[in-house]
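All ligand and atom numbering here is 1-based and tracks the order in the structure. Index from 1, following the sequence.
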Amino acid sequence: MATSLKNLSVFEGEVPSAREMKFGIVVAEWNWQITGTLLKGAIDTLKEYGCDENDIIVKKVPGTFELPLGAQFFAEYTDVDAVIVLGCVIQGETRHFDFICQGVTQGATQLMLTWNMPVVFGVLTTENLEQALERAGGRLGNKGDEAAATAIKMVALQNEMEANETTVDRRTVN
Ligand code: DLZ
């Protein structure tokens with residue numbers, strides 16, 4: 001399993017300063033016991049790396065399936081540099097799990113590529129509540145922390161590349 005041994009609150013590589021960066025967070029109300037903790041982790045991490053509290057805008061949506069549209073609202077109506085989507089889908093006895101996971105993954109991917117804006121996937125997809133608790137401030141850290149660090153890194157990368165932008169007409173290559 002991809003994250004079975006990883007502590008999500010211990011980051012690979014250096015996390016740049018988040019000063020002057022602005023973030024939107026969309027959080028699902030479904031499984032709030034988990035997503036509320038992801039939210040706290042994300043906010044604490046953004047602030048820890050220098051983001052001003054006033055530059056963090058939080059909006060709630062009913063469930064994980066609604067996260068991409070919530071993120072699109074940020075893209076459309078605000079000037080945030082990145083959006084973090086936070087949710088928790090726990091495997092049940094029906095195929096709802098698959099549909100929600102597929103919907104949010106494809107939606108978030110399509111959104112960030114369309115808008116050329118980081119949309120960071122802070123969604124836990126677990127077999128049971130215990131696995132989710134382990135990744136929401138438990139033994140394996142907090143997925144919200146990891147999502148926030150990723151968002152900061154991606155905004156820094158975009159800022160750097162925009163600052164060094166060169167214009168290339170790729171059609172002239174033969
Ligand atoms: C319906 C549903 C189910 C069964 N499970 C979850 C879940 O584990 N996590 C979650 O965030 N949301 C769940 N939902 C709600 C859907 O995400 C969505 O809000 C509804 O299907 C309405 O579109």
Is the backbone N or O of Lys22 less than 3.5 Å from a side-chain atom of Asp81, with the two atoms forming a donor-acceptor pair by type?
yes
Heavy-atom contacts with ligand 1 below 4.0 Å: which residues, ordered by chain and residue number?
Trp30, Asn31, Gly63, Thr64, Phe65, Glu66, Cys88, Val89, Ile90, His96, Ile100
Are any side-chain N or O atoms of Gln131 and backbone N or O atoms of Glu127, one a donor and one an acceptor, separated by less than 3.5 Å?
yes
Does the Glu134 side chain pair with the main chain of Gly141, one donor and one acceptor, at a distance under 3.5 Å?
no
Hits for side-chain hydrogen bond (donor to acceptor under 3.5 Å, both in side chains) against Asp44, two or more places apart or cross-chain, chain-then-number order -> Lys40
Among Thr37, Asn7, Leu8, Thr45, which residue satisfies the side-chain contact (heavy atoms from CB on, under 4.5 Å) criterion with Asn142?
Thr37
Just one of Ser17, Pro118, Pro16 clears the side-chain contact (heavy atoms from CB on, under 4.5 Å) bar with Ile152, so which one?
Pro16
